[in-house]
There are 2 protein chains.
Amino acid sequence: MRTADLTATARIRNAAIELFARDGFQKTNVRAIAAAAGVSAALVIHHFGSKDGLRAVCDEFVLEVLTSRARAAGTSDLLGEYLADPDGYRSQIQYMNRALAEDSPAAQSFVEHIVGEAEAVHQAGVAAGAMRESSDRRALAVLNVLVSLATLTMPPALARALGQDEFGPAVLRRLAVPTLELYTYGLYTDDTALRTATAANEELSQS
Amino acid sequence: MRTADLTATARIRNAAIELFARDGFQKTNVRAIAAAAGVSAALVIHHFGSKDGLRAVCDEFVLEVLTSRARAAGTSDLLGEYLADPDGYRSQIQYMNRALAEDSPAAQSFVEHIVGEAEAVHQAGVAAGAMRESSDRRALAVLNVLVSLATLTMPPALARALGQDEFGPAVLRRLAVPTLELYTYGLYTDDTALRTATAANEELSQS
DNA sequence: CAATAGACTAAACACATGTTCAGCGCATGG
DNA sequence: CCATGCGCTGAACATGTGTTTAGTCTATTG
């Protein structure tokens with residue numbers, strides 16, 4: 001699938017996704033997208049109506065690709081998924097990160113899908129005896145998604161704290177062990193923190 | 001401290017921080033900052049040289065405020081800190097989030113500071129018998145910072161999955177219990193996942 | 001009191017950028 | 001073979017925006 005074989009519309013879309021992901025929507029201008037796709041700026045508008053129209057199409061496309069890939073892979077484990085094909089996911093994850101920050105409709109749809117899936121995975125894990133039950137399944141699912149997304153979209157400054165230029169397979173592998181230690185044994189040696197939190201919450205819900 | 005009592009320079013800086021945090025650097029224009037500060041656009045340039053110069057000053061200012069507040073509070077617990085004064089931290093956390101995403105120098109400095117502190121807290125926790133030892137202290141510190149930052153800068157779409165409009169004290173309190181359950185008991189009931197990960201890493205480092 | 005400096009402004013300028021316009025080349029269908 | 005439509009383009013247009021300029025006002029200083 002050489003880029004030259006794609007239709008101009010598809011090349012524009014792909015170039016836009018790449019650039020939006022790398023530089024953000026505002027910073028990328030139509031002429032840069034056109035140049036990357038090997039067409040004129042006017043053609044971009046001709047096919048998509050406006051820069052915003054192009055964004056909407058890209059949003060939907062990335063959402064579709066991400067969810068369908070996740071469904072196909074079946075694991076519904078974001079991090080493992082990424083490790084299987086780091087380069088293929090890279091720009092799409094970046095893109096989704098930006099969409100999340102800007103709160104686009106596609107981001108909402110993506111989150112709903114993936115939180116639901118995380119909740120199902122946990123429920124299955126509990127049923128199989130592999131995971132502990134939670135006092136708030138929904139919140140746990142959100143927490144798990146949050147951790148996974150945060151890891152995949154880790155800012156370069158944080159990756160540098162691990163001696164890498166930016167997030168990548170090396171960073172993920174290094175983080176995997178402490179993460180799994182946390183998910184296996186926890187970090188605190190007793191439950192004082194947990195008990196104070198639950199107590200505070202109960203007090204709050206009574207008043 | 002009414003805004004009218006501040007010097008024009010300070011009012012401009014404060015307005016810029018607010019707007020950069022809310023709308024991002026690119027989307028915010030100099031005239032909007034000037035209007036919010038009650039001055040002319042030309043004065044913004046007069047005092048800060050350029051929009052980029054203003055950004056640099058804001059970066060440094062927010063960095064300084066955040067680290068000094070963290071130092072003063074002493075807990076070095078980002079999440080508890082936030083709960084003590086949600087509104088006061090709100091825009092500064094948003095600002096730092098944007099700075100991290102755009103990889104500004106101030107963000108690097110902030111991360112170094114806070115990761116170091118997280119590592120120290122863990123070490124103290126281990127010494128006091130309150131926390132488990134880790135096989136990779138540095139990576140654990142990064143993970144903890146990542147989780148805290150991700151929570152504080154949670155995208156609205158994810159907050160909506162918990163029935164709230166956006167991140168706030170209510171969301172944080174709801175997440176606190178599952179988070180502390182995770183940090184106290186872990187989630188997995190056995191160590192198969194952990195053992196496969198460590199085995200894979202060792203194999204990798206041998207080859 | 002005159003003069004100098006600095007805070008501050010309105011208006012103009014320069015340029016980047018989204019979009020429109022008029023037209024070209026080429027394929028398809030009558 | 002003409003005509004219609006479509007993919008496509010270069011140039012022009014309109015506007016938003018960072019910055020400059022020239023000048024006003026006010027306070028301080030000699």
State, to 0.1 Å, how close B/Thr184 and B/Leu180 come at their nearest heavy-atom pair, and which atoms those are.
-> OG1-O, 2.6 Å
Which atoms of nucleotides 13-17 of chain D (N or O only) lie under 3.5 Å from a protein N or O atom, and what are those distances?
{"from": "D/dT17", "atom 1": "OP2", "to": "B/Asn29", "atom 2": "ND2", "distance (Å)": "3.0"}

Against the side chain of B/Ile45, the closest entry in D/dG7, D/dT19, C/dA7 is D/dT19
From C/dC8, C/dT20, D/dG7, nucleotide with atom closest to A/His46 side chain | D/dG7
Numerically ordered, the residues 33-41 of chain B set in heavy-atom contact under 4.0 Å with DNA chain C is B/Val39, B/Ser40
CG of B/Leu43 versus P of D/dG18: gap in Å, rounded?
-> 15 Å
Roughly how many Å is it from CG in A/Leu54 to C1' in C/dT19, rounded to a whole number?
-> 14 Å
Would you kindly give the CZ-to-C1' distance between B/Arg11 and C/dC8, to the nearest whole Å?
-> 11 Å
Considering residues, nucleotides and ligands other than A/Asp165, do more than 12 of their heavy atoms fall under 6.0 Å from its CG?
-> no
State which of C/dA7, D/dG7, C/dC21 makes the closest approach to the side chain of A/Ala42.
-> C/dC21
Lys/Arg N to Asp/Glu carboxylate O, B/Arg55 vs B/Glu102, below 4.0 Å = yes
Would you name the heavy atoms of B/Glu181 and A/Ser134 that are closest together and state the gap between them?
-> OE1-OG, 3.5 Å
Here the ring-ring contact (aromatic ring centres under 6.0 Å, His included) pairs for residues 142-169 of chain A, sequence neighbours left out, are A/Tyr82-A/Phe167
Just report the end-to-end axis angle for the helix from C/dC1-D/dG30 to C/dG30-D/dC1, five pairs per end, to 10 degrees.
-> 10°
In terms of heavy-atom contacts, A/Lys51 and A/Gln26 come closest through NZ-O, 3.8 Å
For B/Leu54 and B/Arg13 the tightest heavy-atom approach is CD1-CA, 4.5 Å
Gap between atoms CG and P, on A/Asp52 and C/dG18 respectively (whole Å) = 10 Å
Can you list every ring-ring contact (aromatic ring centres under 6.0 Å, His included) pair that touches residues 20-42 of chain B, not counting sequence neighbours?
-> B/Phe20-B/Phe25
Only counting residues at least two apart or in another chain, list the ones meeting salt bridge (Lys or Arg N to Asp or Glu O under 4.0 Å) with A/Asp103.
-> B/Arg160
Candidate nucleotides C/dC8, C/dT19, C/dA10, ranked by approach to the side chain of A/Ser50 - the nearest = C/dT19
Could you state the CZ-P distance from B/Arg55 to D/dT19, rounded to the nearest angstrom?
-> 12 Å
Of all the heavy-atom pairs spanning A/Arg138 and B/Leu162, show the shortest one and how long it is.
-> CG-CD2, 4.0 Å
Out of curiosity, A/Arg174 CZ to A/Leu172 CG, how far, rounded to the nearest 0.5 Å?
-> 13.0 Å
